[in-house]
Every structure is written in C-alpha cells, then in structure tokens.
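So you know, we letter chains A, B, ... as the sequences are listed, proteins then strands, and number each from 1.
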Number of protein chains: 2
Amino acid sequence: MAHSLETVLGEAVALLDEGGEPALTFRALAARLGGGAASIYWYVANRDELLDRATDEVMGHLLEHTADLGEGPDPVANLRALSLALFDEMRRRPWFGSYMLRNTGLQPNSMLMFDRIGQQLMRLDLTPKQRFHAASSLVSYIVGIAADMAQPPPKEFLDSGLEPAAFLELYADRWRALDPGHYPFAHHVADEFARHDDEDVFRSGLDLLLAGIQAQAAGRRPAHGARVEA
Amino acid sequence: MAHSLETVLGEAVALLDEGGEPALTFRALAARLGGGAASIYWYVANRDELLDRATDEVMGHLLEHTADLGEGPDPVANLRALSLALFDEMRRRPWFGSYMLRNTGLQPNSMLMFDRIGQQLMRLDLTPKQRFHAASSLVSYIVGIAADMAQPPPKEFLDSGLEPAAFLELYADRWRALDPGHYPFAHHVADEFARHDDEDVFRSGLDLLLAGIQAQAAGRRPAHGARVEA
DNA sequence: TCGACCATCGAACGCTGTTCGATGACTCCG
DNA sequence: CGGAGTCATCGAACAGCGTTCGATGGTCGA
C-alpha cells in the first residue's frame, strides 16, 4: 500500500480522536492504512515521534485556523482569544493537551504557538524576563487545565449512561458525603462543583493571570478593563 | 514472601523515584518484594490503582510534613507556602505531578490537599464560586508546571554529560538559530531562557494568580503586598 | 482433625513496540 | 535493453508488558 507521512499522521490523529492515546497502536494504525505495522517505521522512528508529529500536526492546523487572532488592537484580548482557541481544541481532542508541551526540539508548531503568545506580550510594557515568565505561566496553566480535561471519565460514568450534568451531580453528592470536619471546603463548594462549566473555570483562572500581567504592564497601577470578576 | 500494602506502595514509590513511571513494572516490583508478579494483585486491582495509591501515598506524607502550613495569619501567604511545598515535591519526584489530579474517587489525600487550599480561600472575602474557581485554577497551574518538569530530559542531554546550565545554554542557542522573522519572541527571550530557574518561573505565575485572587477579595481595589514584580 | 480462608506462586494468554531480512517495484545510467 | 540501486513494504519473530487462572501450601477456628 502506498502511504505518505501525511496520510500516516492523518490516520494517527483520527485514531487518537476516536480512542485517545492508548488507541494509537502500530497495528491498529497499520490496519487503517491497509498494510503492515513495520511499514510505519519508514516514516517515523518510534511511537514517541509518531505522537510528537501527530500533536504538532494538529497544532499546525490550529495555527492556520487562528492566524488572524493576533491582529487585534489589544494584546491582552488577543492572548485571551488565543488561549480560548487552545482550550477549544483541547476540548475537542482531550489527548492533545497532554502532549502539547513536550517540546523535544522538533515540534516546530508548538514552538510557533509559544512564540505567538510571546509576540503579544512583546506589545506590552514588560521586561524580557517578565515576558518570558508570563508566557511560560500562561502555557503551564493551559496545559494544567488540559491535563485535567484529559482525564478519561471514570468507567462508572460510561456504564451508568447518565448525562454529564447528572453525573456531575452524583459526584458532588460524594463530596457532600465527606466528613465536614476534614473536608470543609468540599462541602462549601459542592454546589458550585455540581453546576460548574469547564470553560467558565478556565476563563476564570485565565483572567486572573491576564489581569496580573496587565497590572505588571501598567506598572502596578490597577489594570483597566481587566476582568477580575467571576 | 510476606508483603503488606504498605511495603508494596513503599517499593512502588522507590521504583518510581528511581526510573519514573515506565520503571514501575509488576515484574520489577515483584523482584524487589522478593516474590511473583501475580502476588501484587492481591493488594491492588491493576496498575492504574497501583499508581493512584502510590501517588496518594506520597501526597499523604506531604500533608503530614506540611501540616502547619495553613496556620499562618495571611491566607494568601499560606497558599503560596502550600504551593511551593507541592512544587518542591514535584521537583524531587517528577512523576508525582503527572498523577496528581486524577481524582478518580479514591485518592483521599489529593482531595485533602485540594481542601486545604480551599480552606485558605474560605478565609478570603470571596463568593463560593470565586473560591471554587480560584482553587481549581491554582491546582491546574501547579499541575501544568508539574507536567512541564515531568518531561524527561532529552537523551541528548544524558548522552552529552553536560551540566544542566550548559545544556540550557545549548538549548537557548537553538532558539537563537531560528528564523527571527518567524520566531521573534524566541530571540527576544533566549537569554532569559538560558538563565532561567524553574522555581522563579513557578513563583512568578503563582504570584500572578495570587495577586489576582487577592484583588478579587479586596473588591477590585489594588492588592496590598501582593508581589507582582519578577 | 477437618475445613475455610489467606497469601503466594508459576505458567500462560494476548497485547504491545520494535527489529530484521527478504521482496518486489521503480528509477536511473551505461 | 539490462543491470544497479534506492525506495517502500511486508511477514515473521523477539522481548517485554499487564493480567488471569488454577494450584499450592500455611494458618487459623471449630
């Protein structure tokens, strides 16, 4: 069968989309491509490189689709838009976030995304060190949220067949069942947890970071227009 | 051979400390315990549960060693101290962070740590929703940094035998070799990257978040004593 | 003394990533 | 036209993995 690096990566991404990281198997991928598992090694040195290239592939597409997101007048708004685009992609592909930050040197598109974030920070009045720290913190935060959402739903959920909201409520009940003496906070926020929306949580922490960055740029004066609510 | 859940988890943690997650093998663990691999299944249902319990084990020890870290007068300072304790543990055990947030229901100690963070937030003048968002954001950020540090050093490094600082400089050179037109930010912060210290970066983002939280508590007035520099 | 339960064991199964040598197709050069 | 050589693919095999199973002996209470 006639393959090509593109078709290999394309099918690899499809496999990842369908079953997550454990579903990406050389044999399963070979079956899709209509050939033997050994053939894949012609295009890729090992499974790690396959994963790297697959994630960089989707990062490349994401960069294309968001090419215009850095051109707004407000750099902070651009950072928010860029971060939300990453969040959307991670919601679509839970496996994606997990491999986002292993910049093993290859992964040029991940590096490009990092640079895009940094370019917005260069438009703010910050020191290079502040900019480097800000970019790193933003990426780490995004990846942290990604790792959270990448957790596969416990099989209790898959078995129960409940709606996500109902399952969340069931989970909140488990919080409420804890000993209030040892877990006062769990009780305090059980309701919030039951009703929470992942994107709200993401936006909230993101805005904390962005407000802090903007405050730095404004020279410690209170930031204008920075959303610190919610 | 006579095992016990404690010795099993203890040796599992030792194995993880020595070789990271891939080193934790049922056969390797059995060899350490002086028995067969199948015996481990008496104490643990499968490898996932073994990992969960092992991480919860070290989280338990961490909770003990930091039991006094929530008693300071300033909740924000307590949050910083708690976060730094987690950071230290992740630096000591790179594998630890990766498994910190899979709260599959078991993992009572991870839940306890989450609650401890929340308890400090309960001392701040925030809405329950704000507190839930703040706790989630803090944990996500910490985990994101953890994921970053959990990346095994590329084998180029292990082969070269260079000092970490020298290797970092070599990496920075690679940034400097990129096309400045496509990667302006990489050039802009290459020096910072070469000299950066992981803990500084962590503290920086952490302070952004904490400053934002404190600003929320202060009702949008500029926060007192929140470190926004660096 | 007998049965029940606890803890452990060796052997095996099915799966994984990966390697190797062979095999055919295709291109280029004399 | 013919042979050399690279390209791409293949089947088979290897070592390792998590996991299961049935058997085995040890320990305890009745």
Side-chain angles (χ1 to χ4, degrees), chain A residues 1-57 95 98-99 102 104 106 151-152 154-156 158-159, chain B residues 1-57 95 98-99 102 104 106 151-152 154-156 158-159:
Chain A
M1 278 287 139
H3 308 339
S4 80
L5 182 55
E6 285 159 24
T7 61
V8 168
L9 295 183
E11 293 301 322
V13 168
L15 226 34
L16 287 165
D17 284 344
E18 292 172 17
E21 180 253 331
L24 180 58
T25 294
F26 274 82
R27 287 172 173 87
L29 181 53
R32 260 178 191 256
L33 294 166
S39 308
I40 303 173
Y41 284 87
W42 183 257
Y43 298 95
V44 140
N46 49 40
R47 199 182 111 103
D48 269 2
E49 187 183 321
L50 179 59
L51 268 165
D52 280 346
R53 295 198 110 106
T55 61
D56 210 53
E57 172 89 352
W95 57 272
S98 312
Y99 298 92
R102 43 172 183 172
T104 54
L106 16 156
Q151 298 304 323
K155 63 176 194 294
E156 292 180 68
L158 298 175
D159 296 346
Chain B
M1 279 287 141
H3 307 340
S4 80
L5 181 55
E6 284 159 25
T7 62
V8 168
L9 294 184
E11 292 302 321
V13 168
L15 226 34
L16 287 164
D17 284 344
E18 292 173 18
E21 180 254 329
L24 179 58
T25 293
F26 275 81
R27 287 173 172 87
L29 182 53
R32 260 176 190 258
L33 294 167
S39 308
I40 304 173
Y41 284 88
W42 181 256
Y43 299 95
V44 140
N46 50 40
R47 199 182 112 104
D48 269 1
E49 188 184 320
L50 179 60
L51 267 165
D52 281 345
R53 295 196 109 105
T55 62
D56 209 53
E57 172 89 352
W95 57 272
S98 312
Y99 298 93
R102 41 175 183 166
T104 54
L106 11 158
Q151 298 304 321
K155 62 173 196 286
E156 293 180 69
L158 297 174
D159 296 347

With a non-hydrogen cut-off below 4.0 angstrom, is B:Leu24 in contact with a base, only sugar-phosphate, or nothing?
-> sugar-phosphate
Remember a base hit wins even if backbone is also touched, and classify B:Ile40 as base, sugar-phosphate or nothing at under 4.0 Å, heavy atoms.
-> nothing
Report each atom pair, protein N/O against N/O of nucleotides 10-13 of chain C, whose distance is under 3.5 angstrom.
| residue | atom | partner | partner atom | Å |
| --- | --- | --- | --- | --- |
| C:dA12 | N6 | B:Arg27 | NH2 | 3.4 |

Rounded to the nearest 0.5 angstrom, the CG-CG distance for A:Leu9 and A:Asp56 is 9.5 Å
Are any of the side-chain nitrogens in A:Glu57 or A:Arg53 under 4.0 Å away from the carboxylate oxygens of its partner?
-> no
Thinking salt bridges, do B:Arg32 and B:Glu18 make one under a 4.0 Å N-O criterion?
-> yes
In whole Å, what is the span from the [atom1] atom of [X] to the [atom2] atom of [N]?
{"X": "B:Asn46", "N": "C:dC15", "atom1": "CG", "atom2": "P", "answer": "18 Å"}
{"X": "B:Arg47", "N": "C:dT16", "atom1": "CZ", "atom2": "P", "answer": "16 Å"}
{"X": "A:Leu15", "N": "C:dT16", "atom1": "CG", "atom2": "C1'", "answer": "14 Å"}
{"X": "A:Leu33", "N": "D:dA8", "atom1": "CG", "atom2": "C1'", "answer": "13 Å"}
{"X": "A:Phe26", "N": "C:dT19", "atom1": "CZ", "atom2": "C1'", "answer": "12 Å"}
{"X": "B:Trp42", "N": "D:dC21", "atom1": "CH2", "atom2": "C1'", "answer": "14 Å"}
{"X": "B:Tyr43", "N": "D:dT19", "atom1": "OH", "atom2": "P", "answer": "18 Å"}
{"X": "A:Glu21", "N": "C:dC15", "atom1": "CD", "atom2": "P", "answer": "18 Å"}

A:Ser4 side-chain N/O to A:Thr7 backbone N/O, donor-acceptor pair under 3.5 Å | yes
Looking only at atom types and distance, does a side-chain atom of B:Arg27 sit under 3.5 Å from a main-chain N or O of B:Gly36, one as donor and one as acceptor?
-> no
With the side chain counted from C-beta on, respond yes when A:Trp95 and A:Leu24 share a heavy-atom pair under 4.5 Å apart, and no when they do not.
-> no
